[in-house]
**Student:** 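Got a structure for you, written out below as structure tokens; questions coming shortly.
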Amino acid sequence: MINSVALLSGIVVGVALAVPLGAIGLLLIQEGVARGMRRGFPAAAAVSLVDIMYCAVAVAAGSLVGPIISNWVPWPQVIGGVTLIALGVLRLIGRPRPKVSSSDGTAAHSGATVHRFVLFLGLTAINPATVVYFASILPGLDQISASTAARVSFVIGVGLALAGWQTLLVALGAILRHKAGPALQKWTVAVGNGLVVVLGAVLIIRSL
């Protein structure tokens with residue numbers, strides 16, 4: 001049975017985590033600009049999946065896992081920053097992809113979808129600090145530990161908030177894709193990737 005108070009708490013906590021626009025958020029907007037809503041959605045799904053899993057881990061064993069992850073500092077941030085810089089640079093200097101024929105277009109799109117899903121799954125997973133975020137908040141939410149139904153409801157609420165926000169970011173990118181001309185799309189992608197590189201560098205500097 002869904003606990004409405006825990007569900008609402010999860011939505012609020014999920015929104016508080018998701019809304020501040022970071023590197024992953026910028027990349028999701030770029031997915032929408034470069035690939036459209038349908039082909040960009042797997043990226044949003046991957047990010048949501050990892051964050052929901054981290055939330056579930058925190059709810060189940062946050063008091064145990066949180067301190068362990070805190071001891072990993074600063075390596076998750078450094079690895080994440082280096083990965084973001086490498087990804088941004090590669091996308092800035094990347095060459096156009098060769099065109100595919102209609103006969104193998106479906107297979108190519110399917111492969112690209114899996115590739116984007118795995119890429120964003122990895123990018124999100126290398127930042128386990130999300131577990132610490134949830135673990136630090138949960139002690140102040142007494143109603144979450146009241147029952148299994150409350151804990152499950154909380155995770156569902158977080159999942160709804162995260163999935164909704166991240167899908168919205170891809171949708172915003174898709175709107176820009178349809179409204180902007182090719183030149184503006186290129187500039188949007190270039191600026192976005194440049195910001196990703198900057199955010200990666202800031203992540204490394206702040207962690208050291």
**Student:** Could you pull out all residues at least two apart from I204 that satisfy side-chain contact (heavy atoms from CB on, under 4.5 Å)?
**Tutor:**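 Testing I204 for side-chain contact (heavy atoms from CB on, under 4.5 Å), a comparison that skips the adjacent residues, returns V82, I85, L208.
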
**Student:** Are L28 and F120 close enough that some pair of their side-chain heavy atoms sits under 4.5 Å apart?
**Tutor:**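 The answer is yes, as the side chains (C-beta and beyond) meet within the 4.5 Å cut-off.
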
**Student:** Tell me whether E31 contacts the main-chain N or O of A43 through its side chain, where contact means a donor paired with an acceptor under 3.5 Å.
**Tutor:**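 Absent.
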
**Student:** Closest heavy-atom contact between V13 and F154?
**Tutor:**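 So the minimum-distance heavy-atom pair works out to CG2-CE1, 4.0 Å.
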
**Student:** Using the side-chain contact (heavy atoms from CB on, under 4.5 Å) criterion, which residues pair with A171? Sequence neighbours excluded.
**Tutor:**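 side-chain contact (heavy atoms from CB on, under 4.5 Å) check on A171 returns M37.
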
**Student:** Using atom types as modelled and distance alone, determine if a side-chain donor or acceptor of R177 lies under 3.5 Å from a backbone N or O of A34.
**Tutor:**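 A pair under 3.5 Å: yes.
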
**Student:** Look at the side-chain heavy atoms of Ile, Leu, Val, Met, Phe, Trp and Tyr, link any pair under 4.5 Å apart, and say whether V19 and V12 land in one connected group.
**Tutor:**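 Unlinked, V19 and V12 end up in two clusters.
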
**Student:** Ignoring hydrogens, what is the shortest heavy-atom contact between A174 and G36? Give both atom names and the distance.
**Tutor:**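 Looks like CB-C, 4.1 Å.
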
**Student:** List for me each residue that meets side-chain contact (heavy atoms from CB on, under 4.5 Å) alongside A161, sequence neighbours excluded, and say none if there are none.
**Tutor:**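 A161 satisfies side-chain contact (heavy atoms from CB on, under 4.5 Å) with I11, V15 only.
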
**Student:** Looking at A6 and S153, what are the two nearest heavy atoms and their distance?
**Tutor:**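 Heavy atoms of A6 and S153 come nearest at CB-CB, 3.9 Å.
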
**Student:** Looking at every heavy atom in both A149 and N3, which two are closest together, and how far apart are they?
**Tutor:**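 Smallest heavy-atom distance, with atoms named: O-CB, 4.3 Å.
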
**Student:** Between V170 and F41, which heavy-atom pair has the shortest distance, and what is it?
**Tutor:**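 Heavy atoms only, the tightest pair is CG1-N, 4.1 Å.
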
**Student:** Provide the closest heavy-atom pair for V89 versus V197 in the form atom of the first, atom of the second, distance.
**Tutor:**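 Minimum heavy-atom separation between V89 and V197: N-CG2, 3.8 Å.
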
**Student:** What pairs meet the salt bridge (Lys or Arg N to Asp or Glu O under 4.0 Å) rule with one or both residues in residues 11-29, with sequence neighbours excluded?
**Tutor:**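 For residues 11-29, and leaving out neighbouring residues, there are no salt bridge (Lys or Arg N to Asp or Glu O under 4.0 Å) pairs at all.
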
**Student:** Can you hop from I93 to V198 via hydrophobic side chains spaced under 4.5 Å?
**Tutor:**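 No: no chain of side-chain contacts under 4.5 Å links I93 to V198.
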
**Student:** Which value, rounded to the nearest 0.5 Å, describes the distance between T124 atom OG1 and I24 atom CD1?
**Tutor:**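 Going from the OG1 atom of T124 to the CD1 atom of I24 covers 4.5 Å.
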
**Student:** Say you draw a straight line from CZ of R38 to OG1 of T113; how long is it, rounded to the nearest 0.5 Å?
**Tutor:**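 If I round to the nearest 0.5 Å, the distance is 7.0 Å.
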
**Student:** Is there a path from I126 to F117 through hydrophobic residues (I, L, V, M, F, W, Y) whose side chains come within less than 4.5 Å of each other?
**Tutor:**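 No, because I126 and F117 fall into different hydrophobic clusters, even though each may have its own neighbours under 4.5 Å.
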
**Student:** Does the side chain of V155 come within less than 4.5 Å of R151's, by heavy atoms?
**Tutor:**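 No, too far: nothing below the 4.5 Å cut-off.
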
**Student:** Check side-chain contact (heavy atoms from CB on, under 4.5 Å) between V152 and all other residues, then give those that pass, not counting sequence neighbours.
**Tutor:**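 Here the qualifying residues are T148, I156.
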
**Student:** Is the shortest side-chain heavy-atom distance between L21 and L169 below 4.5 Å?
**Tutor:**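 A side-chain contact exists here, since the closest heavy-atom pair is under 4.5 Å.
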
**Student:** Group every Ile, Leu, Val, Met, Phe, Trp and Tyr by side-chain heavy-atom contacts under 4.5 Å, then state whether L8 and I52 land in the same group.
**Tutor:**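 Looking at the clustering, I52 is in a separate group from L8.
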
